[in-house]
Engineer: 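Shown below is the structure under consideration.
In the text below, chain A, chain B and the rest are named by the order of the sequence lines, each starting its count at 1. Side chains included, hydrogens not; waters and symmetry mates left out as well; all remaining heavy atoms used.
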Amino acid sequence: MSAFELLSPKIKKAIWDLKWPALRPIQEVAIPLILETTDHLVLSAATASGKTEAAFLPILSAIEQSGQDYLRVLYIAPLKALINDQFERIERLCEYVDVPVHKWHGDVSGNDKKKFINTPAGILQITPESLESLFINRSTFLQSLWKQVSYIVIDEIHVFLATERGAQLRSLLFRVQEYVANPTRIIGLSATVNDPDGYIANWLSPEGPDQVKVIQSDDGDKEIFYALHHYPNEEQGKLPLELYRDIRDLTKEYSSMIFANDRGLVEETAVLLNRLAEHEGAPRDYLAHHSSIDKSEREYVEEILKTANRPKSVVCTATLELGIDIGSMDMVIQIDSTFSVASLKQRIGRTGRRDGMSQILQIYTTKASHLLHAVAVTELFLEKWVEPPQAYAKPYDVLFHQILSICCERNGLYLDDLMDSILRNPVFQVIPRGHIVDLVDHMIKKEYLELVPGAQEFIVGLEGERILRSREFYSVFSVQEEYEVFHLNRRIGAVDKTPAVEVGNNLILAGKLWSIESVDSNKDKIYVVPAVDAKRPVFLGSGGAIHRMISEKMQEVLCSNHLYSYLNDAAAQELKGIREVYARLGVMANQRVIIIGKNETLIELFAGTVISNTLMWMLRVMGVEQVTTNGLGHIKIVGRQDGILKLLESITKREWNSQELLSVTFPQEIYRTKFSFYLNEEQQKELHVSAMVDVERTVEFLSDKQFIVFTC
DNA sequence: GACCTGCTGCGGTATG
């Protein structure tokens, strides 16, 4: 029987009415798997390939009889905007089978939430944080709410995998399943992934990853037009005007997304491009979009992009990399390299979505190191490599959070029951039992938990209540402290708390120029008035990790003499320049260069962030005091280290324990999360070590590579 | 050398 024939008559009618010419490839595969097997599924395909419908066509076929009476499907997404987009798409299908669909997130009215709680049925679309809130604030309803849930659909599942947010979600799924009468099936939807170790299957179904089917649908290769232009410029932060003129010329006739890696740079770029357009007597068609611009302004920008009748461009950060629907764009421009291959892939995927359209990417670099990074990321992308998913290794911080949540949900419980619900939760099985006991003891000592005298039951303690009752409890990731920016009564956005925020200073926000008129530090608000000139605001952000593969590829690019066809003359020239020393020394890809200068020693390690950091701390233990790394994996030592080779060799020969590495780690280098602060010192250290240190791979790396010393 | 994500329930007042 064909996939279409397996669907219910009402769903078939929906497909006819909606005039879909045929089922998409991923739908053809998913429909029989959902209707005729009991496996968990991962549907992995490019954006706009019909993944959501691949899950919901068969699910609605299966639940159309009972969906009016019970909640049958939980749909979880990482963004409110994604839920809003999907709500309309799903609702259209649901009308044919009379299955209700509800959304629940921070912007949904209390009234709608009440309505759902009174008559839960059909499909619930929700964020992980709102799911958390149900366990905290609606605990008396959980029994009847979850009982008949059969399907859990997780959209953009790849964004949850390696983060504390994913650990929280995994814990919540287990807690939902505890209430469910019959086994649930989990269906993850994902952008195409590279998962050689089967990590996603293991995340979905830790007891039996073999019960997970992963469907990768390749929608065929689109032609990509790709170019990299280099505008050498060593001046900190400022981009050359010629670069902006080039962007302006390119974007006159085309809708484009112009990605920058920094919110401040987005603002500056939008203002400059509009000035250039204005000088030509053209309209100011460049919009700005990033997380610190107020939501209403961002939604307005999204609407303009979707409905514009002439080419419009948006200068943006990763906010527009995710699934928000702004229609298909003609071209993507990237200023400096993306940090990851995954990010480059997502961004390219935003163009050429209409049938028969090609994908166009133009990248600009201004520094040699960024050029090298851009070439490495591009080459890996062309080889179809992306960063593989990873575990959030030691979720002590999420465990702390979930213990508070469980105690609140259960209105107090015995130690055995608490231990049982933690030990059976798959996400906490990497934490030894003794450490869970230590954490509970610590939580009692600090009054996060309280043992009710006589009853032997644990309840949330007074300090715990303080954390739990805060609006901020529901999310496990942390955010920068900021000032909200107002013009009269209108909120324009926010800026990070920096010394530059001071009365009289000017800033750019939402593509407009402002002068700070007053600062209310009690309410964390600043008031601004329009200005004629301004500098971009300074946002504080700390760098994330670069995957080892990218660094290795950079070394490979340096050692090769290949001429990449997508480089312009300036880029080719610059690359030739930085390859010169390597060529002169005859360096190979499995070798690494150490440059010993008069006042400093530089190890060009190219090993990714984790190994670079680990080696930096190892060197400190060996008595090298003034040593730092940059984001690219270069290690810099102040002073001449003539014995560096011997030092590296002895590092590979000795035993290492994390205690000694921790003893030389500066406080600002420690890995912290929102809830790690509440752990005891020992567990804070474990969390740090699991995220930042890898002794085994570092020693292996040092043993594998041959080091070439160049003394000048 | 960084980007992004999320958020209760109640009681008040204004609006259609």
Side-chain angles (χ1 to χ4, degrees), chain A residues 76-83 104-114 117 126-139 155-156 158-166 168-169 172 236-237 259-266 289-293 295 298 315-324 334-340 342-344 346-347 365-374 377 401 405 408 465 467-480 494 496 538-546 550-551 609 612 628-634 673-674:
Chain A
I76 296 160
L79 303 181
K80 291 183 288 188
L82 203 57
I83 288 177
W104 185 309
H105 57 61
D107 299 341
V108 172
S109 74
N111 217 14
D112 287 354
K113 290 175 178 169
K114 220 174 267 169
I117 281 291
I126 195 165
T127 58
E129 289 72 19
S130 286
L131 189 55
E132 184 78 58
S133 81
L134 288 175
F135 280 96
I136 306 283
N137 301 306
R138 313 280 177 163
S139 54
D155 209 347
E156 309 273 11
H158 55 282
V159 311
F160 289 117
L161 296 173
T163 65
E164 58 266 54
R165 201 178 179 204
Q168 175 192 26
L169 175 59
L172 292 171
Q236 197 58 41
F259 285 97
N261 293 337
D262 179 296
R263 284 166 285 172
L265 184 58
V266 164
H289 194 290
H290 59 74
S291 70
S292 296
I293 293 175
K295 197 179 140 212
R298 280 157 68 179
V315 191
C316 57
T317 58
T319 35
L320 286 180
E321 180 181 308
L322 302 155
I324 297 164
Q334 169 71 42
I335 301 177
D336 282 333
S337 181
T338 57
F339 293 98
S340 68
S343 193
L344 181 73
Q346 286 273 355
R347 290 174 189 191
T365 55
T366 53
K367 289 191 177 62
S369 59
H370 294 178
L371 168 66
L372 183 59
H373 191 154
V377 166
H401 180 263
S405 175
C408 177
E465 287 287 351
I467 301 166
L468 191 72
R469 279 160 195 268
S470 146
R471 196 166 154 268
E472 270 108 53
F473 177 77
Y474 304 95
S475 66
V476 293
F477 53 85
S478 58
V479 290
Q480 187 68 47
D496 286 356
V538 176
F539 290 100
L540 310 160
S542 56
I546 304 270
I550 295 177
S551 297
T609 311
S612 307
T628 51
T629 69
N630 72 355
L632 290 173
H634 284 188
T673 66
K674 187 160 156 189

Engineer: Can you see which heavy atom on Leu172(A) is nearest to which on Pro128(A), and at what distance?
Structural biologist: CD1-O, 3.5 Å

Engineer: Give the nucleotide from the list dC3(B), dG9(B), dC7(B) with an atom nearest to the side chain of Asn137(A).
Structural biologist: dG9(B)

Engineer: By the 4.0 Å heavy-atom rule, please label Ser130(A) as base, sugar-phosphate, or nothing.
Structural biologist: sugar-phosphate

Engineer: To the nearest Å, give me how far apart CD1 (Ile335(A)) and C1' (dG1(B)) are.
Structural biologist: 15 Å

Engineer: Measure from CG on Asp112(A) to C1' on dT8(B) and round the result to the nearest Å.
Structural biologist: 16 Å

Engineer: Would Tyr474(A) count as stacked on dT8(B) if the rule is ring centres under 5.5 Å and plane angle under 30°?
Structural biologist: no

Engineer: Between the side chains of Thr127(A) and His105(A), does any donor sit under 3.5 Å from an acceptor?
Structural biologist: no

Engineer: To the side chain of Arg298(A), which of dT5(B), dG6(B), dG1(B) is closest?
Structural biologist: dT5(B)

Engineer: Between dC7(B) atom P and Lys113(A) atom NZ, what is the distance in whole Å?
Structural biologist: 7 Å

Engineer: Closer than 4.0 Å, any side-chain N/O of Thr127(A) to the OP1 or OP2 of dC7(B)?
Structural biologist: yes

Engineer: Please report, rounded to the nearest Å, how far the P atom of dG6(B) is from the CZ atom of Phe135(A).
Structural biologist: 20 Å

Engineer: Side-chain donor or acceptor of His373(A) under 3.5 Å from a matching atom on the base of dG1(B)?
Structural biologist: yes

Engineer: Could you tell me how far apart Ile546(A) (CD1) and dA2(B) (C1') are, to the nearest whole angstrom?
Structural biologist: 9 Å

Engineer: Between dC7(B), dG1(B), dT5(B), which one does the side chain of Phe339(A) approach most closely?
Structural biologist: dG1(B)

Engineer: Classify the nucleic acid contact of Arg469(A) as base, sugar-phosphate or nothing, counting any heavy atom under 4.0 Å across all strands shown.
Structural biologist: nothing

Engineer: Let me know, please, whether Ser475(A) or Ala260(A) comes out on the 5' side of the other along DNA chain B by nearest nucleotide.
Structural biologist: Ala260(A)

Engineer: Round to a whole Å and report the spacing from CH2 of Trp104(A) to C1' of dG9(B).
Structural biologist: 11 Å

Engineer: Heavy atoms only: give me the nearest His290(A)-Thr319(A) pair and the separation to one decimal.
Structural biologist: CA-OG1, 3.6 Å

Engineer: Taking only side-chain nitrogens and oxygens of Arg263(A), does any of them come within less than 4.0 Å of OP1 or OP2 of dC3(B)?
Structural biologist: yes

Engineer: Between P on dT8(B) and NE2 on His105(A), what's the gap in Å once rounded to a whole number?
Structural biologist: 10 Å

Engineer: Could you please name the option among dG9(B), dG6(B), dC4(B) that lies closest to any side-chain atom of Ser291(A)?
Structural biologist: dC4(B)

Engineer: I need the Phe477(A) CZ to Thr163(A) OG1 distance, nearest 0.5 Å.
Structural biologist: 9.0 Å

Engineer: Base, sugar-phosphate alone, or nothing: which one does Arg138(A) contact when heavy atoms must sit under 4.0 Å apart?
Structural biologist: sugar-phosphate

Engineer: Gly110(A) near the nucleic acid: base, sugar-phosphate alone, or nothing, with a heavy-atom cut-off under 4.0 Å?
Structural biologist: nothing

Engineer: If we check side-chain hydrogen bond (donor to acceptor under 3.5 Å, both in side chains) with Ser475(A), which of these qualifies: Gln168(A), Lys674(A), Glu129(A)?
Structural biologist: Lys674(A)

Engineer: Taking the side chain of Ser133(A) as its heavy atoms from C-beta onward, which of dC3(B), dC7(B), dT8(B) lies nearest to it?
Structural biologist: dT8(B)

Engineer: Relative to the 5' end of DNA chain B, which residue comes earlier, Lys114(A) or Thr317(A), by the nucleotide with the nearest heavy atom?
Structural biologist: Thr317(A)

Engineer: Pick base, sugar-phosphate or nothing for Val479(A), based on heavy-atom distances below 4.0 Å to the nucleic acid.
Structural biologist: base

Engineer: So, taking the atom named CG in Leu161(A) and the one named CD in Glu156(A), what distance separates them when rounded to the nearest 0.5 Å?
Structural biologist: 11.5 Å

Engineer: Taking atom P of dT5(B) as reference, at what distance in whole Å does atom NZ of Lys674(A) sit?
Structural biologist: 15 Å

